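Heads up, the thing below is written out as structure tokens.
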Amino acid sequence: MTSIESKRVQYRKYLERAGVIDALSKALIKLYEEQNKPEDAIRFVRKFMCESCPDDAQYDIMKNDLEEAKTHISKLEQELERLRGQIKKSPEEYQELTIAGYKSLMDDEENISSLLRKYLSPELLEEYMLVTTPAPVDAYLYDCAVSGFEHHEAPVGIFAADADSYDVFNKVFDPIIKDYHNQMDNENDVLQKDADFGNVDEIENLDPERKYIMSARIRLARNIEGLPFFPKLTEKQFIEVEEKVRAATETMDGELIGSYLTMADIDAETQAEMVKRHILFQRGDEQMTTAGCFRFWPTGRGVYHNPAETFFIWVNRSDHVRIMSMALCGDLGDVYNRLVNGLAELEKTLTFARHPRYGNLTACPTNLGTTLRASVHIRLPLLSKDPDRLFALAEELQLHIRGTESETAQIEDGIMDISNKRRLGFTEFELVKTLQDGVVALINAEEELEIAGQEG
Ligand code: ADP
Ligand code: MG
């Protein structure tokens, strides 16, 4: 006998001796004899075998206790997070953390693609390590780069902790911005032209017959001048942002009239349902968490929207405000018009941070400039059968294609999210027009395939 076989025999004898086989057999026989087979067979067997099992009433009490304990734990976790957020690090601690973070990023030879790794030289590290942005924010380079130091796979790896970060740490930020936004050859002092929303009437319904486009959406990001960005917002300032935005929405007019909901008042089920319908945000990934995006959650977070659910303002979802306009059809013109009106209304009361070189300021350098992402969720089943051609076309048309659920999602059932690839270096109008022209071209290509299919 091999040693495995002998072990098996020994184990079987042990189970027999202990009465385990007998007890299991009895349970299975009982289940076999049962006329009405229970839905939950495991529960049946468990109940049959268990002498001290709780009855249904005891079970309900235990379930309740568990729920209460979970709520309590989550409150304690929030409190811990809040207290952690109040701890101030000394310059020495900052220095130590910066050196260690930088070393771990540079020593990792497998993840070498982040722009932070590419442009933060040892000399710049030395120069910036103990420099801070003006008081009272006092952001260190570490506050901007912590996420990139810890998540080496991050494509960019740096966020601005406040508007001044872009100037104080400019020799790191500027090449990253130019690289990401394809501005390497741009020698101008100004990378982003003045805001220009152009002639709104030139933007149209891209799919009047509702054959291809399920929804259209345009979003802008803004941060209120004078307040730090999410990595350095204090708990009080999260609330201050919320109050300022809430007050600014009170003057909304016509189809923009709506109401503001603070996140803490939206129950978990409703939140999940709203997220699923693409009209609410939730806590995000590890990179954003490390960058400090979800500190004090859900404090100061919320959403303003009109009853038609075509105009939204997300408060403190990374940037202070995300303004968006939507339609459950391809009417990009309608969406654009409403967005422009909504922004103008907010600008009556709020002043947003803007930079002479980079345009509208956002915490993430990838969104700088216009901050505008115009997208359609569109079904192109024939084109999507030839991904090489589809992606080549998109590239040519300056469009970005992704799945509809998130930035990293896959195309499913021929349904995809198509948006303008560029954010900086063009006017708002130019970018929306790019989407319009590109989507029209893609629909034409899809129609040609339909016709070829019918003929062939
Ligand atoms: P953004 O950075 O523009 O906010 P995300 O990919 O983070 O884009 O998407 C945020 C939410 O908006 C997601 O729920 C996404 O599905 C939704 N969304 C984006 N574009 C559209 C669209 N054209 N129609 C409907 N929902 C959309
Ligand atoms: Mg996003």
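Every value quoted in this text rests on a predicted model; they were computed, and no experiment measured them. We count ligands from 1, going down the list as the structure has it; atoms in each ligand are counted the same way. Along the sequence shown, residues are numbered consecutively beginning with 1.
Within the structure, ligand 1 lacks M324 among the residues with a heavy atom less than 4.0 angstrom away. The closest approach between R322 and ligand 1 falls below 4.0 Å for a heavy atom of the residue.
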Only distances under 3.5 Å count here; give the side-chain donor-acceptor pairs of residues 182-189 to other protein atoms, sequence neighbours excluded, each with its distance to 0.1 Å.
from, atom 1, to, atom 2, distance (Å)
Q183, OE1, N186, ND2, 2.7
Q183, NE2, H181, O, 3.3
N186, OD1, N188, N, 3.0
N186, OD1, N188, ND2, 3.3

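Side-chain contact, T289 with R283: no donor N or O sits under 3.5 Å from an acceptor N or O. In the model, D265 has no side-chain atom that pairs as donor or acceptor with a side-chain atom of T262 under 3.5 Å. Side-chain N/O atoms of N360 and R423 include no donor and acceptor closer than 3.5 Å.
Residue-level proximity to ligand 1 for R402 is carried by the side chain, the only part with a heavy atom below 4.0 angstrom. In T404, the part holding a heavy atom less than 4.0 Å from any atom of ligand 1 is the backbone. Counting heavy atoms closer than 4.0 Å to ligand 1, residue R317 contributes side-chain atoms (C-beta onward) but none from N, CA, C or O. Only the side chain of R219 comes within contact range of ligand 1, with a heavy atom under 4.0 Å; no backbone atom does. At a 4.0 Å heavy-atom cut-off, ligand 1 touches R373 through the side chain alone.
For the pair W314 and ligand 1, the shortest N or O to N or O distance does not fall below 3.5 Å.
Contact atoms of ligand 1 toward D417: 19 (C), 20 (N) (distance under 4.0 Å to a heavy atom of the residue). Distances below 4.0 Å separate heavy atoms of V376 from the following atoms of ligand 1: 23 (N). Within the listing of ligand 1, atoms 22 (C), 23 (N), 24 (N), 25 (C) sit less than 4.0 angstrom from a heavy atom of S215. Interface of M326 with ligand 1, defined as ligand atoms under 4.0 Å from a residue heavy atom, comprises 25 (C), 26 (N).
A donor-acceptor pair under 3.5 Å is absent between the side-chain atoms of R338 and the main chain of Y336, judged by distance alone.
Legend: residues meeting salt bridge (Lys or Arg N to Asp or Glu O under 4.0 Å) with E79, ordered by chain and number and at least two apart, are R82.
A centroid separation of 6.0 Å or more is found between the aromatic rings of F173 and Y358.
Residues D207 and I378 form no side-chain contact, since every pair of their non-hydrogen atoms from C-beta on lies 4.5 Å or further apart.
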